[in-house]
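Here the structure comes first, spelled out in structure tokens, and everything after it is commentary.
Just the heavy atoms: all of them, side chains too, but no hydrogens, waters or symmetry mates, feed the values below. Residue numbers begin at 1 in each chain, while the letters A, B, ... track the order of the sequences.
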2 protein chains.
Amino acid sequence: MPQTSIREVARRAGVSVGTVSNVLNRPNIVAEATRDRVLAAIEELGFVRNESARRLRQGPDDRPSGRARAFGVVVEDLTNPYASDVARGAELAFEEAGFETLWLSTDHSADRERRALELLAEQRAAGVLVSSVETGPDRIARWRESGMCVVLLDRAGPDFCSAQVDHVAGGDIAAAHLLALGRDRMAFVTGVPEPQPVVERCEGAARTLAKAGAGELAVLTQDALSPTAGQRAARALVSMSPVPTGVFCANDLLAIGVVNELVRLGARVPEDVAVIGYDDIELARSSAVPLTTIRQPRRELGWEAAELALAETAEGSAHEHRQIVLRPELMVRESA
Amino acid sequence: MPQTSIREVARRAGVSVGTVSNVLNRPNIVAEATRDRVLAAIEELGFVRNESARRLRQGPDDRPSGRARAFGVVVEDLTNPYASDVARGAELAFEEAGFETLWLSTDHSADRERRALELLAEQRAAGVLVSSVETGPDRIARWRESGMCVVLLDRAGPDFCSAQVDHVAGGDIAAAHLLALGRDRMAFVTGVPEPQPVVERCEGAARTLAKAGAGELAVLTQDALSPTAGQRAARALVSMSPVPTGVFCANDLLAIGVVNELVRLGARVPEDVAVIGYDDIELARSSAVPLTTIRQPRRELGWEAAELALAETAEGSAHEHRQIVLRPELMVRESA
DNA sequence: CGAAGATCGTGAATCGTTTCAAGCTACGCT
DNA sequence: AGCGTAGCTTGAAACGATTCACGATCTTCG
């Protein structure tokens with residue numbers, strides 16, 4: 001395990017360590033012959049830069065030392081395609097700006113969230129996009145003080161940059177569409193743990209119903225936001241009296257489960273029950289009854305959040321926090 | 001940005017830097033009063049350990065210095081639920097052993113793959129699980145020389161530990177099941193870019209067909225492994241003559257698209273065409289026609305790979321490479 | 001021919017943390 | 001009192017890469 005260091009490369013090439021470093025960082029100021037000799041030595045020894053050492057001693061002597069060229073993206077569950085698409089969008093923006101992206105998921109544990117942010121702080125990441133925020137504001141303030149910029153994903157906060165989708169508007173759009181189809185006995189299907197955005201979708205829908213003078217929005221809460229939970233919800237729906245004529249689901253996975261089980265139980269979609277989902281995952285387009293749904297600009301969300309983080313990093317203390325709100329979009333297919 | 005360092009904490013608490021370090025790493029050898037004073041100072045100054053410096057100076061003076069307590073998981077596409085489940089399984093094992101996990105995806109780019117592995121090498125990660133391997137063996141050998149252990153995911157290699165699912169057996173199981181149902185006009189639906197495992201599933205199925213003396217396996221290659229690609233495949237299937245009676249799909253997403261479109265086009269599943277998928281994603285269970293599919297032990301795969309990596313790291317040079325092969329399992333539902 | 005640039009290389013200082021040998025106290029024992 | 005010991009603390013030496021003020025050559029031109 002002889003950690004090949006820059007020093008051994010220098011010895012092998014018959015130059016000083018400073019020159020090796022120059023070959024690595026400003027190849028153009030080194031004479032070609034020397035450069036080739038150094039590169040050859042690097043190749044022969046299989047030298048790989050030690051990023052820790054590099055970060056430790058960094059920046060011209062006045063600048064604060066040692067920020068990594070990396071951002072973290074902390075979300076609740078990376079196995080959820082919504083989250084991984086947002087992360088991917090962010091990664092694209094960061095990559096373009098020459099930054100690495102660290103994907104971290106908290107799996108709904110406050111402990112893991114704290115751990116993830118602590119990790120990023122210890123790594124001296126340039127900043128972080130967080131969607132899951134269980135941590136108290138004091139602790140966040142502290143990380144920020146230590147120089148890491150924090151952008152909220154899908155949440156808002158007075159002292160933060162944030163990028164979010166207008167979920168209230170999404171709920172409104174969905175409910176208005178169902179009302180326009182004459183479906184005024186409406187149910188909202190959701191599952192726990194219920195993320196804030198889902199709560200807002202429900203509010204938006206409820207408000208629109210109230211404004212239109214239609215009946216109450218019946219809320220069915222399942223134990224997850226998954227297709228199988230949707231199937232259970234469908235069974236509950238058909239046993240209600242009267243059976244709702246419009247169903248708005250907290251996400252597409254639920255909606256797909258609801259539609260499949262409704263069809264299975266003999267209800268026609270959308271004739272008997274109109275169903276509308278949320279997210280526009282790829283499957284929505286190609287399920288048995290193509291799903292009408294609310295499309296969220298997912299990659300764009302991640303991309304915009306990343307741009308905010310990059311701006312905040314670049315602008316330094318002159319920075320003013322900005323809140324970006326993206327509007328979701330109704331995709332009309334066949335289920336409603 | 002005054003990077004609060006251990007030195008300032010020491011000054012504030014009126015102790016030496018060595019003592020602060022001891023509070024951080026071996027709290028029990030420090031007198032309680034001192035420890036409290038140091039902890040208070042840390043709290044007041046908002047001190048966060050600099051992980052780069054820590055890693056740089058590490059290990060008792062003989063051991064090779066500076067391996068991070070982190071492993072990388074490099075897969076092709078983290079937005080694919082299969083990959084993220086494998087990664088999650090690995091993360092669980094690593095977490096239990098006190099290691100961090102870095103998720104990296106290559107998005108089918110050899111460049112990004114090289115970048116990802118280079119990144120891990122530069123970070124001095126303890127090791128890496130890779131499923132995407134476009135990189136030549138010489139370069140891998142080099143990383144390994146530099147002390148990083150490499151475990152192959154879903155691939156095998158003579159000089160590596162590896163964990164994989166027996167895809168040939170998976171193809172065999174699927175084809176045998178369809179044969180047992182009397183479906184001997186069989187098609188295989190796949191998409192490009194076609195991962196090695198998919199190629200093996202196809203081989204397994206073809207071999208089983210040949211052994212049974214049934215007809216050729218017709219192969220339909222689409223431009224992706226997605227539901228919409230599946231829909232296109234379905235349209236191609238019904239225009240074949242004779243129309244195949246059994247369809248084996250490279251993954252469940254394709255299969256769901258195939259089933260939905262077949263139903264839409266008026267074919268009955270499984271009466272007219274039996275369809276079998278691969279992966280057993282959650283949706284397979286709850287699609288319009290619950291999907292018969294081959295279940296892969298995904299988290300377990302990640303977990304086992306992680307255990308191999310941990311073992312290799314622990315055993316050092318005494319280590320002997322092991323190949324783990326997990327067997328997939330037939331899940332009979334309604335589509336076949 | 002000699003001074004002024006231009007072009008390259010050098011090597012010591014530095015980043016923040018951990019480790020370890022050595023030092024310091026307070027205490028118990030003879 | 002003298003000595004040993006246990007319990008804490010100290011301070012300096014690493015770790016590996018980067019930077020920067022200086023040298024050392026080599027060109028160019030009055």
Side-chain angles (χ1 to χ4, degrees), chain A residues 1-38 41-42 45 47-69 121-124 146-147, chain B residues 1-38 41-42 45 47-69 121-124 146-147:
Chain A
M1 343 270 99
Q3 283 288 2
T4 0
S5 85
I6 214 181
R7 209 175 314 276
E8 300 167 55
V9 174
R11 191 145 44 80
R12 176 93 167 209
V15 297
S16 77
V17 294
T19 301
V20 177
S21 177
N22 281 336
V23 170
L24 259 29
N25 300 294
R26 295 100 105 209
N28 48 312
I29 76 159
V30 177
E32 193 174 336
T34 319
R35 188 171 55 219
D36 291 346
R37 223 156 8 110
V38 172
I42 287 178
L45 295 172
F47 165 79
V48 180
R49 243 218 219 83
N50 184 328
E51 183 59 26
S52 301
R54 163 175 234 236
R55 198 177 306 154
L56 183 57
R57 173 66 171 96
Q58 205 207 41
D61 271 345
D62 48 339
R63 259 196 289 148
S65 101
R67 286 268 138 214
R69 287 193 72 76
E122 289 178 352
Q123 303 278 358
R124 298 294 188 268
S146 86
Chain B
M1 300 301 109
Q3 283 288 3
T4 0
S5 86
I6 215 181
R7 210 176 313 276
E8 301 168 53
V9 173
R11 191 144 44 80
R12 175 93 166 208
V15 297
S16 76
V17 294
T19 301
V20 176
S21 177
N22 281 336
V23 170
L24 259 29
N25 301 295
R26 292 97 107 207
N28 47 313
I29 76 158
V30 178
E32 193 175 337
T34 318
R35 189 171 54 216
D36 290 347
R37 222 152 14 105
V38 172
I42 288 177
L45 296 173
F47 164 79
V48 180
R49 241 216 219 87
N50 184 328
E51 182 58 28
S52 300
R54 165 176 234 235
R55 198 176 307 153
L56 183 55
R57 174 63 171 101
Q58 205 207 38
D61 272 343
D62 50 337
R63 260 196 288 147
S65 101
R67 286 270 137 212
R69 288 193 72 75
E122 289 179 353
Q123 303 280 356
R124 298 293 188 268
S146 87

| query | Taking the side chain of R54(A) as heavy atoms from C-beta outward, which of dT9(D), dT17(C), dA17(D) is closest to it? | reply | dA17(D)

| request: Using a 4.0 Å heavy-atom cut-off across all strands, classify R35(B) as base, sugar-phosphate, or nothing. | output: nothing

| Nearest to the side chain of N25(B) - dT18(C), dT9(D), dT17(C)? | dT18(C)

| To the nearest 0.5 Å, what is the distance between CG (N50(B)) and CG (L56(A))? | 6.0 Å

| query | How would you label the contact of R7(B) with the nucleic acid (heavy atoms, under 4.0 Å): base, sugar-phosphate, or nothing? | reply | base

| field | Separation of dG16(D) P from F47(A) CZ (nearest whole Å) | value | 10 Å

| request: Would you kindly give the CD1-to-P distance between I6(A) and dC15(C), to the nearest whole Å? | output: 18 Å

| Side-chain donor or acceptor of R57(B) under 3.5 Å from a matching atom on the base of dT18(C)? | yes

| Spacing of CD1 belonging to I6(A) relative to CG belonging to L45(A), to within rounding of 0.5 Å | 12.0 Å

| Within less than 4.0 Å of OP1 or OP2 of dT17(C), is there a side-chain N or O belonging to N50(B)? | no

| said: Regarding V20(A), tell me which of base, sugar-phosphate or nothing describes its non-hydrogen contacts under 4.0 Å with the strands shown. | reply: nothing

| query | Can you check whether A13(A)'s main-chain N or O pairs, donor with acceptor, with R37(A)'s side chain at less than 3.5 Å? | reply | yes

| note | note: N28(A), atom CG; dC8(C), atom P; distance rounded to Å ~ 10 Å

| request: For the side chain of A31(B), starting at C-beta, report the closest nucleotide among dC8(D), dC15(C), dA17(D). | output: dC8(D)

| d(CD, E8(B); C1', dC15(C)) in whole Å | 13 Å

| query | Given atom CD of Q123(B) and atom P of dA17(D), what is their separation to the nearest angstrom? | reply | 14 Å

| task | Heavy atoms only: give me the nearest Q123(A)-R55(A) pair and the separation to one decimal. | result | O-NH1, 3.3 Å

| Candidate nucleotides dT19(D), dT18(C), dT9(D), ranked by approach to the side chain of L24(B) - the nearest | dT18(C)

| Within 6.0 Å of CZ in R11(B), more than 12 heavy atoms from elsewhere | no

| request: Please state whether the phosphate of dG16(D), meaning OP1 or OP2, lies under 4.0 angstrom from any side-chain nitrogen or oxygen of S5(A). | output: no

| Is the distance from OP1 or OP2 of dT18(C) to the nearest side-chain N or O of R49(B) less than 4.0 Å? | yes

| To the side chain of T19(B), which of dG16(D), dT19(C), dT9(D) is closest? | dT9(D)

| task | Could you please name the option among dA17(D), dC8(D), dT19(C) that lies closest to any side-chain atom of T34(B)? | result | dC8(D)

| Along DNA chain C (nearest heavy atom to each residue), the more 5'-positioned of N22(A) and V48(B) | N22(A)

| field | Length of the line joining I29(B):CD1 and dA6(D):P, which is rounded to integer Å | value | 16 Å

| request: Using atom types as modelled and distance alone, determine if a side-chain donor or acceptor of R26(B) lies under 3.5 Å from a backbone N or O of V23(B). | output: no

| query | Once you round it to whole Å, what is the distance between C1' of dT19(C) and CZ of R26(B)? | reply | 7 Å

| note | When rounded to whole Å, the CG to P distance for the pair D36(A) and dC8(C) reads 13 Å

